[in-house]
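Start at 1 with the first residue, then count along the sequence. In what follows, every heavy atom counts, from backbone to side chain, and hydrogens, waters and symmetry copies are set aside.
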Amino acid sequence: MALKLVIVAAVLLAGVVAVTSCPPTDREALLTFRSALREPYLGIFNSWTGSDCCHGWYGVSCDPLTRRVADISLRGESEDPIFEKAGRTGYMTGTISPAICNLRRLSSIIIADWKGISGEIPSCITSLPFLRILDLIGNKLSGPIPAGIGRLQRLTVLNVADNLISGTIPASLTRMSSLMHLDLRNNRISGDLPRDFGKLGMLSRALLSGNQISGTIPSSISNIYRLSDLDLSLNRLSGQIPASLGNMAVLSTLNLDGNLISGQIPGAILGSSVSILNLSRNSLDGKISDVFGPRSYFTSLDLSYNKLKGPIPISMVGASYIGHLDLSHNHLCGKIPAGSPFDHLEPPSFVFNDCLCGKPLKTCQ
């Protein structure tokens with residue numbers, strides 16, 4: 001009888017251990033992932049010891065019920081005491097091992113700002129059905145965005161900014177129906193923007209500056225009702241600005257500077273709810289539409305380094321607010337209107353035009 005009780009107790013204890021510890025397969029996957037990385041200064045992987053990867057392993061958290069690894073959060077820039085004690089930011093080299101894809105219940109992967117992690121994004125990441133956040137900003141990752149990225153139907157954040165990513169934007173990306181934050185800034189991405197970019201109906205921020213993206217701006221972008229921040233600056237975009245962008249209800253920041261965009265500036269955009277508008281360093285021509293009024297509120301309006309001509313619209317005086325204004329390096333002509341915002345602007349806002357005059361420039365003859 002006593003032996004039976006011992007056996008029952010042992011079985012129950014084994015059950016408890018199974019529930020309170022991470023599965024051996026998850027632990028093995030984490031250790032294989034770690035073995036492909038080298039972090040020489042902070043010792044963040046020193047805590048990755050013992051049988052339970054759900055307890056005390058730096059940057060690892062598990063589902064409280066299943067004990068499966070749910071999150072990997074490793075940031076090279078943090079206010080964590082381990083960074084404050086070392087008095088430095090993180091630096092890590094190596095690659096992201098495909099073993100990470102064996103953590104089938106992952107909800108978030110954050111391996112950010114380590115500056116030296118190289119290699120490609122493992123294509124098997126697209127097979128993680130519960131992934132919601134993929135944040136790999138600030139490394140030296142190269143190669144393409146995985147072609148099957150559109151399989152990640154639950155992904156809300158895709159951030160691979162500040163890497164060496166090349167290739168084109170995968171066609172499947174526009175099938176990511178839950179995506180809210182897309183950050184591809186400062187890479188080597190080329191090719192056209194997908195024509196059906198507007199299918200990303202949940203998107204609120206699209207940051208794609210500092211790449212080699214070419215072609216025209218898809219008019220379908222205006223179908224993204226929630227989009228508040230669109231940054232396509234410092235690329236090779238050409239053609240005209242779709243007037244439909246001026247009809248977007250919540251768009252507040254539109255940066256298209258540093259491209260090859262031509263044609264006139266749509267009046268609908270100048271009269272929209274956009275408050276930060278940068279169209280500088282393009283080939284825009286024609287006159288600036290006289291569409292400003294009490295609803296016009298610009299924290300910053302930069303139209304410099306284009307081919308704009310004609311006078312400065314008198315209706316700008318009727319704008320409720322224009323903080324920063326730059327109209328320099330164009331072909332504008334005529335008298336600078338008197339009143340706000342012109343009474344607080346300096347000459348650099350107007351220099352290198354054809355024949356502008358009046359305060360703060362020379363007096364008109």
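Using a distance-only test at 3.5 Å, with no hydrogens or angles considered, a donor-acceptor pair links the side chain of Arg27 to the main chain of Gly50. Between the side chain of Ser78 and the main chain of Asp80, a donor-acceptor pair closer than 3.5 Å is present. With hydrogens and angles ignored, the 3.5 Å screen pairs a side-chain donor or acceptor of Ser349 with a backbone N or O of Leu325. When atom types are taken as modelled, the side chain of Asn306 and the backbone of Ser304 share a donor-acceptor pair closer than 3.5 angstrom. Side-chain atoms of Ser315 come within 3.5 Å of backbone N or O of Phe292 as a donor-acceptor pair. No donor-acceptor distance shorter than 3.5 angstrom exists from the side chain of Asn247 to the backbone of Ser222, with no hydrogens or angles considered. Here the side chain of Asn353 pairs a donor or acceptor atom with the backbone of Phe350 at under 3.5 angstrom. A donor-acceptor pair is defined here as one N or O able to donate and one able to accept, closer than 3.5 Å; no such pair exists between the side chain of Ser233 and the backbone of Asn255. Formation of a donor-acceptor pair under 3.5 Å by the Ser273 side chain with backbone atoms of Leu251 is found in this model. Without hydrogens or angle criteria, Thr156 side chain to Arg132 main chain gives a donor-acceptor distance under 3.5 Å.
Side chain to side chain, Ser61 and Asp71 meet the donor-acceptor criterion of an N or O pair below 3.5 Å. Judged by distance alone, the side chains of Asp162 and Asn186 do bring a donor and an acceptor atom under 3.5 Å apart. For the 3.5 Å distance criterion, the side chains of Ser127 and Arg104 qualify, holding a donor opposite an acceptor.
The number of heavy atoms from other shown groups lying within 6.0 Å of NZ (Lys115) is above 12. Heavy-atom contacts from other residues, nucleotides or ligands closer than 6.0 Å to CZ of Arg34 number more than 12. Around the CD atom of Glu28, the shell of radius 6.0 Å holds no more than 12 heavy atoms that belong to other residues, nucleotides or ligands. The local environment of NE2 in His344 is crowded, with over 12 non-hydrogen atoms from other residues, nucleotides or ligands closer than 6.0 Å. The local environment of CD in Glu84 is crowded, with over 12 non-hydrogen atoms from other residues, nucleotides or ligands closer than 6.0 Å.
Contact check for Leu173 versus Leu182: side-chain heavy atoms found under the 4.5 Å cut-off. Looking at Leu152 and Leu158, their side chains never come closer than 4.5 Å, going by heavy atoms from C-beta outward. The shortest distance between side-chain heavy atoms of Ile111 and Met92 does not fall below 4.5 Å. Counting heavy atoms from C-beta on, the side chains of Tyr305 and Asp257 never come closer than 4.5 Å. Residues Ile261 and Ile217 form a side-chain contact, since some pair of their non-hydrogen atoms from C-beta on lies under 4.5 Å apart. The closest side-chain heavy-atom distance from Leu30 to Leu103 is below 4.5 Å. At a threshold of 4.5 Å between non-hydrogen side-chain atoms, the residues Ser107 and Leu131 do not count as touching. Residues Leu184 and Ile165 fail the side-chain proximity criterion, which asks for heavy atoms closer than 4.5 Å.
Classification of the Tyr91-Tyr41 ring pair by plane angle, with boundaries at 30° and 60°, yields tilted.
Between Cys22 and Cys53 the SG-SG gap is short of 2.5 angstrom.
Atom CD1 of residue Ile276 and atom OG of residue Ser252 lie 6.5 Å apart, to the nearest 0.5 angstrom. His324 NE2 to Ser300 OG: the interatomic distance, rounded to the nearest 0.5 Å, is 4.5 Å. Atom OG of Ser275 and atom CG of Leu301 lie 11.0 Å apart (nearest 0.5 Å). Rounding to the nearest 0.5 Å places OG1 of Thr66 at 6.0 Å from CZ of Arg105. Here CG of Asp113 is found 12.0 Å from CG of Leu74. Values are rounded to the nearest 0.5 Å. Once rounded to the nearest 0.5 Å, the distance linking CD1 of Ile314 with CD1 of Ile336 reads 11.5 Å.
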**OP:** Please report the C-alpha distance between Gln153 and Arg175 in whole Å, then the side-chain angles of each, then the deciding distance to 0.1 Å, and finally whether the side-chain contact (heavy atoms from CB on, under 4.5 Å) criterion is met.
**Re:** CA-CA 8 Å; Gln153 290 294 299; Arg175 296 201 295 269; 4.3 Å; yes

**OP:** Give the C-alpha distance, both sets of side-chain angles, the deciding distance and a yes or no for side-chain hydrogen bond (donor to acceptor under 3.5 Å, both in side chains) between Arg195 and Thr216.
**Re:** CA-CA 9 Å; Arg195 293 294 93 190; Thr216 58; 3.1 Å; yes

Original post:
How far apart are the C-alpha atoms of Arg205 and Asp183, what are their side-chain angles, what is the distance that settles it, and do they pass the salt bridge (charged side-chain N to carboxylate O under 4.0 Å, His left out) test?
Top reply: CA-CA 8 Å; Arg205 302 190 79 199; Asp183 195 345; over 6 Å; no

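Residues satisfying the ring-ring contact (aromatic ring centres under 6.0 Å, His included) test with Trp48, not counting sequence neighbours, are Phe45, Trp57. Not counting sequence neighbours, Glu120 has no partner by the salt bridge (charged side-chain N to carboxylate O under 4.0 Å, His left out) test. For Tyr297, the ring-ring contact (aromatic ring centres under 6.0 Å, His included) criterion is met by Tyr321, not counting sequence neighbours.
Closest heavy-atom contact between Asn163 and Asn139: OD1-C, 2.9 Å. Nearest heavy-atom pair, Asn330 versus Leu308, reported as atom, atom and distance to 0.1 Å: OD1-N, 3.1 Å. In plain terms, the two heavy atoms of Pro122 and Pro146 that are nearest each other are O-CG, 4.2 Å. Of all heavy-atom pairs spanning Ser320 and Ser296, the tightest one is OG-O, 2.8 Å. The heavy-atom pair separating Leu332 from Lys309 by the smallest distance is CD2-O, 3.6 Å. Shortest non-hydrogen contact noted between Arg88 and Leu42 is CG-CD2, 4.2 Å.
Remark: Lys307 does not engage Asp285 in a salt bridge, criterion side-chain N to carboxylate O under 4.0 Å.
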